[in-house]
Amino acid sequence: MLHRFFKFRLTRTLLAGALVALAGQGLLAGGAGAEALKPYKDGLFRYKKVTETLYGGDFVVVEYSKQRDLRDRDEVDEQRVFGNYVSYRPKRGRGSAELKANGRVIEYMGTGNWKGGANAIVIYIHGQGGNRFQGMNDVSFGGNFNRVQNLMVRNGGAYLTVDINHFDNRGTADVAALIQYQKQLSPRAKVVVACGSMGGIICWNLLKNGNYASMLSGIVLLGSPKDPNFLSSSALSRNVPIYMGQGTLDTVYDWEDQANFFKQIKTKAPNYPIRFTLFDTGTHGTPIRMTDWRLVLNWMLG
């Protein structure tokens, strides 16, 4: 069965019912695509238990265990992961830079082929109260930021993080300027933008702008809000892949609201490339800790 008892308003029965309602005409089992990124510590970071699969594999429920996935994984809970989860190879090419655009100075960091020659680029956008250093922290969030860095470095890609001072059109324009600059350095690179929490506003804004969206090969939303305006925009016809990760115990953005938004997209555009991972008993930061970067990026880049 799906779920244990929760500490919020949904009981186990109601949660199961919500998933049944969400499934609608969803089919079981998912398809496999080409793999752009070679394995890296897959045994440590892959999902230990998928408890439900809906919409042909586009919606999955993943078991999150606080004991296994946090206490047994972190040397210091939520601060430092055990050493076997990380490799400091990305530090060799890591650096900071500034880009002047839109009348502002955009501060960012990069590793891998971030100065040119990348075949793929991942840019991480932090949420409110964060900064460019969050996505470069090797040992927080269970080492998952270190994993995405290693995946890009070891596969000829680039990984960047950037400071966002405005979660509106200004911040969106700044990220777009960074993407444009990176595309000049690496013209053939596919670009994926990942947004944590409130940073998701930037991701949705990028999708809704035709010029910005044309530079994207995917958007990753990690505990982020929905954007109802997306449904009435021309973005639905562009088919830029979207990944949404959410915890059932997220008290910032309710998982049902996000899951229902996924369903709305699937209803309006059944073939839209969107996937949703629900982390059972996960909290607001769980998608950043638990999302399988290689699984998501191979889907988008492949």
Original post:
What about Tyr40 and Phe45, are their ring centers closer than 6.0 Å?
Top reply: no
Original post:
If you round to the nearest 0.5 Å, how far is CD1 of Ile242 from SG of Cys203?
Top reply: 9.0 Å
Original post:
Say you draw a straight line from CD of Glu78 to CG of Leu70; how long is it, rounded to the nearest 0.5 Å?
Top reply: 5.0 Å
Subject >> Crowding at CD, Gln264 (>12 non-hydrogen neighbours, <6.0 Å) >> reply: yes
Original post:
Quick check: does any side chain N or O of Asn113 sit under 3.5 Å from a backbone N or O of Gly156, one acting as donor and the other as acceptor?
Top reply: yes
Original post:
Hey, is CZ on Arg104 packed in by over 12 heavy atoms from elsewhere, all under 6.0 Å?
Top reply: yes
**OP:** Taking Ser217 for its side chain and Leu301 for its backbone only, find out whether a donor-acceptor pair lies under 3.5 Å.
**Re:** no
Subject >> Minimal non-hydrogen separation, Leu221 against Ile219, with atom names >> reply: CG-CG2, 3.9 Å
Subject >> Side-chain donor/acceptor of Asn298 to backbone N/O of Gly302, under 3.5 Å >> reply: no
Subject >> His126: side chain to side chain donor-acceptor pair (under 3.5 Å) partners, not counting sequence neighbours >> reply: none
Subject >> Phe230 and Tyr272 aromatic ring geometry - parallel, tilted or perpendicular at 30°/60° bounds >> reply: perpendicular
Original post:
Would Asp250 and Trp255 satisfy side-chain contact (heavy atoms from CB on, under 4.5 Å), going step by step from the backbone distance to the final call?
Top reply: CA-CA 7 Å; Asp250 189 333; Trp255 79 267; 5.8 Å; no
**OP:** Taking the side chain as every heavy atom from C-beta outward, state whether Leu295 and Arg275 have any atom pair closer than 4.5 Å.
**Re:** no
Original post:
Which atoms form the tightest heavy-atom contact between Gly171 and Ile164, and what is the distance?
Top reply: O-CD1, 4.2 Å
Original post:
Can Ile125 be reached from Leu99 by stepping across I, L, V, M, F, W or Y side chains whose heavy atoms are under 4.5 Å apart?
Top reply: yes
Original post:
Do the side chains of Ile179 and Gln182 get nearer than 4.5 Å, heavy atoms only?
Top reply: no
Original post:
Could you state the interatomic distance from CG (Leu222) to OH (Tyr243), rounded to the nearest 0.5 Å?
Top reply: 6.5 Å
**OP:** Please check if Val105 and Met109 belong to a single hydrophobic cluster, counting links between Ile, Leu, Val, Met, Phe, Trp and Tyr side chain heavy atoms closer than 4.5 Å.
**Re:** no
**OP:** Would you confirm whether Lys190, through its side chain, and Arg188, through its main-chain N or O, come within 3.5 Å as a donor-acceptor pair?
**Re:** no
Original post:
Knowing that exactly one of Thr277, Thr53, Leu54, Ile274 qualifies, which makes a side chain to side chain contact (heavy atoms under 4.5 Å, CB included) with Phe59?
Top reply: Leu54
Original post:
Can you name the closest pair of heavy atoms from Ser197 and Ser224 and give their distance?
Top reply: O-OG, 2.9 Å
Original post:
Side-chain heavy atoms under 4.5 angstrom apart, residues restricted to Ile, Leu, Val, Met, Phe, Trp, Tyr: same cluster for Met136 and Tyr85?
Top reply: no
Original post:
Have Ser87 and Arg154 got a donor and an acceptor in their side chains that come within less than 3.5 Å?
Top reply: yes
Original post:
With Arg147, which of Asp138, Thr291, Asp292 fulfils side chain to side chain donor-acceptor pair (under 3.5 Å)?
Top reply: Asp292
Original post:
Step by step, would you call Tyr124 with Phe145 a ring pair (Phe, Tyr, Trp, His ring centres under 6.0 Å)?
Top reply: CA-CA 10 Å; Tyr124 175 72; Phe145 282 126; 4.9 Å; yes
Subject >> Approximate separation, where rounding is to 0.5 Å, of Gln258 CD and Leu278 CG >> reply: 11.0 Å
Original post:
At their closest point, which heavy atom of Ala101 faces which heavy atom of Asp174, and how far apart are they?
Top reply: O-OD1, 4.3 Å
Original post:
Got Val153 and Arg92 here, is their nearest side-chain heavy-atom distance under 4.5 Å?
Top reply: no
Original post:
Between the main-chain N or O of Arg71 and the side-chain N or O of Lys66, is there a donor-acceptor pair closer than 3.5 Å?
Top reply: no
Original post:
Taking the side chain as C-beta and beyond, is there a heavy-atom pair between Val193 and Val191 under 4.5 Å?
Top reply: yes
Original post:
Quick one: are the ring centres of Trp293 and Phe141 less than 6.0 Å apart?
Top reply: no
**OP:** Begin from the C-alpha positions of Ile265 and Leu236 and carry the test side-chain contact (heavy atoms from CB on, under 4.5 Å) through to its verdict.
**Re:** CA-CA 8 Å; Ile265 294 174; Leu236 276 175; 4.1 Å; yes
Original post:
Is there a donor-acceptor pair closer than 3.5 Å between any side-chain N or O of Asn119 and the backbone N or O of Asn155?
Top reply: yes
**OP:** Heavy atoms only: give me the nearest Tyr253-His284 pair and the separation to one decimal.
**Re:** CD1-CE1, 3.7 Å
Original post:
Side chain of Thr172, backbone of Leu206: donor and acceptor closer than 3.5 Å?
Top reply: no
Subject >> Backbone N/O of Leu37 and side chain of Arg294: donor-acceptor pair under 3.5 Å >> reply: yes
**OP:** For Arg132 and Glu107, indicate whether the former's side chain and the latter's backbone hold a donor-acceptor pair under 3.5 Å.
**Re:** no
Subject >> side-chain contact (heavy atoms from CB on, under 4.5 Å) evaluation trace for Val139 with Gln79 >> reply: CA-CA 7 Å; Val139 296; Gln79 294 184 43; over 6 Å; no
Original post:
For the atom pair NZ (Lys226) and CZ (Phe261), what is the distance rounded to the nearest 0.5 Å?
Top reply: 7.5 Å
Original post:
Do Leu178 and Trp204 belong to the same hydrophobic cluster, where Ile, Leu, Val, Met, Phe, Trp and Tyr are linked whenever their side-chain heavy atoms lie under 4.5 Å apart, directly or via other members?
Top reply: yes
Original post:
Is a side-chain donor or acceptor of Lys115 paired with a backbone partner of Thr111 at a separation under 3.5 angstrom?
Top reply: no
Subject >> Contact summary for Met215 and Gln180, nearest pair of heavy atoms >> reply: SD-CG, 3.4 Å
**OP:** For Arg89, check side chain to side chain donor-acceptor pair (under 3.5 Å) against everything at least two apart and list the hits.
**Re:** none
**OP:** Please examine the side chains of Asp163 and Ile106, heavy atoms only from C-beta on, and report whether any two atoms are closer than 4.5 Å.
**Re:** no
Original post:
After noting the C-alpha distance and the side-chain angles of Tyr159 and Asn150, does the key distance pass the side-chain contact (heavy atoms from CB on, under 4.5 Å) rule?
Top reply: CA-CA 9 Å; Tyr159 174 76; Asn150 272 283; over 6 Å; no
Original post:
Do Val81 and Met290 belong together in a cluster built from hydrophobic side chains that touch within less than 4.5 Å?
Top reply: no
Original post:
Atom CZ in Phe279, atom CD in Glu63: separation rounded to 0.5 Å?
Top reply: 12.0 Å
